[in-house]
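Naming convention: chains lettered A, B, ... in sequence-line order (proteins, then strands); numbering from 1 in each chain. Please read these numbers as outputs of a predicted model, since none were measured by experiment.
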2 protein chains.
Amino acid sequence: MEPNTAYHALLKNLGLKVTPKRLALLSVLEEEHRYLSPEEVWKKLRRSFKSLGLPTVYRNMEELECHGVISKVLHSNRKLYYYFCPKTGHHHHFVCMECRIVEDLSVCAVREMEKEIKRQVNGTVTSHILQVNGLCGNCAEKL
Amino acid sequence: MEPNTAYHALLKNLGLKVTPKRLALLSVLEEEHRYLSPEEVWKKLRRSFKSLGLPTVYRNMEELECHGVISKVLHSNRKLYYYFCPKTGHHHHFVCMECRIVEDLSVCAVREMEKEIKRQVNGTVTSHILQVNGLCGNCAEKL
DNA sequence: TCATAAATAGAAATGATTTCTATTTATACC
DNA sequence: GGTATAAATAGAAATCATTTCTATTTATGA
């Protein structure tokens with residue numbers, strides 16, 4: 001059977017048990033080329049599973065995120081959203097705040113990106129978030 | 001009197017009333033060269049104001065943020081943090097996840113930034129958030 | 001088939017943020 | 001300076017996404 005085999009291997013490789021719910025979750029995320037909240041995923045999955053806890057969805061999505069399988073989308077409403085991106089390698093995303101669609105970007109510098117995005121998605125850039133996280137010299141020493 | 005005059009003008013220009021609490025809030029944020037949560041600001045302000053509601057702090061910080069006076073800092077714990085940056089013009093920040101200090105960055109492309117940051121703050125970049133927000137062609141048309 | 005650790009359901013707790021209403025205050029105008 | 005008015009605030013209460021907890025179920029490897 002189709003992609004389930006791939007998901008199966010994926011979970012195995014991560015050392016996670018292959019449960020029907022995990023497979024379905026991956027399937028839902030991959031089919032949707034948009035970012036979704038845990039609750040939205042939960043609602044979709046409940047069609048197939050009469051008993052499915054929202055915490056299970058939260059737990060699994062977080063798990064997959066920290067293994068790099070799916071990526072978090074930041075949103076100004078501070079809710080969690082996740083996106084399954086099939087593209088590998090370092091790249092960034094253009095995300096539509098309206099329809100939630102996600103587009104892969106090939107360049108990384110924001111100035112250049114704006115032009116690229118206009119061409120690529122024929123869209124409008126309303127804002128961008130560029131924040132570099134790390135440890136300053138002092139803290140890096142202490143830890 | 002010192003900087004209060006500047007804050008006074010700042011608030012006036014934004015069409016906001018000049019209240020003692022707003023002035024104090026700005027003062028607290030400017031003195032602290034780190035990003036702070038509303039609750040932290042509240043605790044500091046309560047030293048000077050016996051009666052001060054946490055919602056007031058939230059409201060004012062949000063107000064100042066949307067007027068561009070202070071800037072939001074994204075954090076993986078999804079809490080709100082704000083930083084008063086005296087530097088004008090387009091630039092980004094390096095924020096230490098440990099001590100919360102903020103450094104202005106002069107370049108915008110992440111690859112170059114990593115080198116720059118190493119020089120500038122003698123620190124370690126653990127991750128960066130680069131997300132471009134906007135409206136895709138379809139949604140832009142509809143709205 | 002079985003033992004075991006991992007995964008899950010479902011209820012309950014958490015806690016940051018927001019909402020609400022009555023009261024207070026800054027401001028503009030006299 | 002005195003006053004009307006809209007903005008700002010306090011304090012309590014509500015919200016609600018997310019997390020925690022415990023007992024039960026399930027995938028897995030032997």
(request) Measure from NZ on A/Lys17 to P on C/dA3 and round the result to the nearest Å. (result) 15 Å
(message) Taking only side-chain N and O atoms of B/Lys12, does any of them lie within less than 4.0 angstrom of OP1 or OP2 on C/dA28?
(response) yes
(message) Using a strict heavy-atom distance below 4.0 Å, which residues from residues 38-49 of chain B are in contact with DNA chain D?
(response) none
(request) Round to the nearest Å and state the distance from B/Leu16 atom CG to C/dA26 atom C1'. (result) 12 Å
(request) Taking heavy atoms of chain B and a 4.0 Å limit, find me the 5'-most and 3'-most nucleotide of DNA chain D within that range. (result) D/dA6 to D/dT19
(message) Can you confirm whether B/Glu32 sits close enough to B/Lys44 that some side-chain heavy atom of one is under 4.5 Å from a side-chain heavy atom of the other?
(response) yes
(request) Rounded to the nearest angstrom, tell me the gap between atom OH in A/Tyr58 and atom P in C/dT14. (result) 18 Å
(request) Hey, which sits more toward the 5' end of DNA chain C by its nearest nucleotide, B/Thr19 or A/Arg22? (result) A/Arg22
(request) Scan residues 7-21 of chain B for pairs that pass salt bridge (charged side-chain N to carboxylate O under 4.0 Å, His left out), counting only residues two or more places apart or in two chains. (result) none
(request) Would you give the length of the straight line joining atom CG of A/Leu16 to atom CG of A/Leu10, rounded to the nearest 0.5 angstrom? (result) 8.5 Å
(request) Round to a whole Å and report the spacing from CG of B/Leu23 to C1' of C/dA26. (result) 12 Å
(message) Nearest whole Å is fine: how far is C/dT25 P from B/Asn60 CG?
(response) 16 Å
(message) Go through it in stages, so that I can follow the logic: the residues are B/Leu11 and B/Leu23, the test is side-chain contact (heavy atoms from CB on, under 4.5 Å), and I'd like the CA-CA distance, side-chain angles, deciding distance and then a yes or no.
(response) CA-CA 9 Å; B/Leu11 292 173; B/Leu23 292 171; 4.0 Å; yes
(request) Let me know, please, whether B/Leu54 or A/Ser37 comes out on the 5' side of the other along DNA chain D by nearest nucleotide. (result) B/Leu54
(request) Whole angstrom is fine here: how far is it from NZ in B/Lys72 over to P in C/dT17? (result) 10 Å
(message) Any non-hydrogen side-chain atom of A/Val69 less than 4.5 Å from a side-chain atom of A/Leu29?
(response) no
(message) Quick check: do B/Tyr83 and B/Arg34 have side-chain heavy atoms less than 4.5 Å from each other?
(response) no
(message) What's the separation between atom NE2 in A/His67 and atom CG in A/Asn13, rounded to the nearest 0.5 Å?
(response) 10.5 Å
Per-pair distances, 0.1 Å, donor-acceptor, side chain in residues 54-64 of chain B, under 3.5 Å, sequence neighbours excluded:
from	atom 1	to	atom 2	distance (Å)
B/Thr56	OG1	B/Arg59	NH2	3.4
B/Asn60	OD1	B/Arg22	NE	2.6
B/Asn60	OD1	B/Arg22	NH2	3.4
B/Asn60	ND2	B/Thr56	O	3.0

(request) Take the C1' atoms of the five end pairs on each side of the helix from C/dT1-D/dA30 to C/dC30-D/dG1, get both axes, and report the angle to 10 degrees. (result) 50°
(message) Can you confirm whether B/Lys79 sits close enough to B/Glu39 that some side-chain heavy atom of one is under 4.5 Å from a side-chain heavy atom of the other?
(response) no
(message) Just to be sure I understand the rule, does B/Arg59 reach a base, reach only the sugar-phosphate, or reach nothing, if contact means heavy atoms closer than 4.0 Å?
(response) base
(message) So, taking the atom named OG in A/Ser48 and the one named CG in A/Leu25, what distance separates them when rounded to the nearest 0.5 Å?
(response) 11.0 Å
(message) The criterion is ring pair (Phe, Tyr, Trp, His ring centres under 6.0 Å); which residues satisfy it with A/Tyr81, sequence neighbours excluded?
(response) A/Tyr35, A/His75
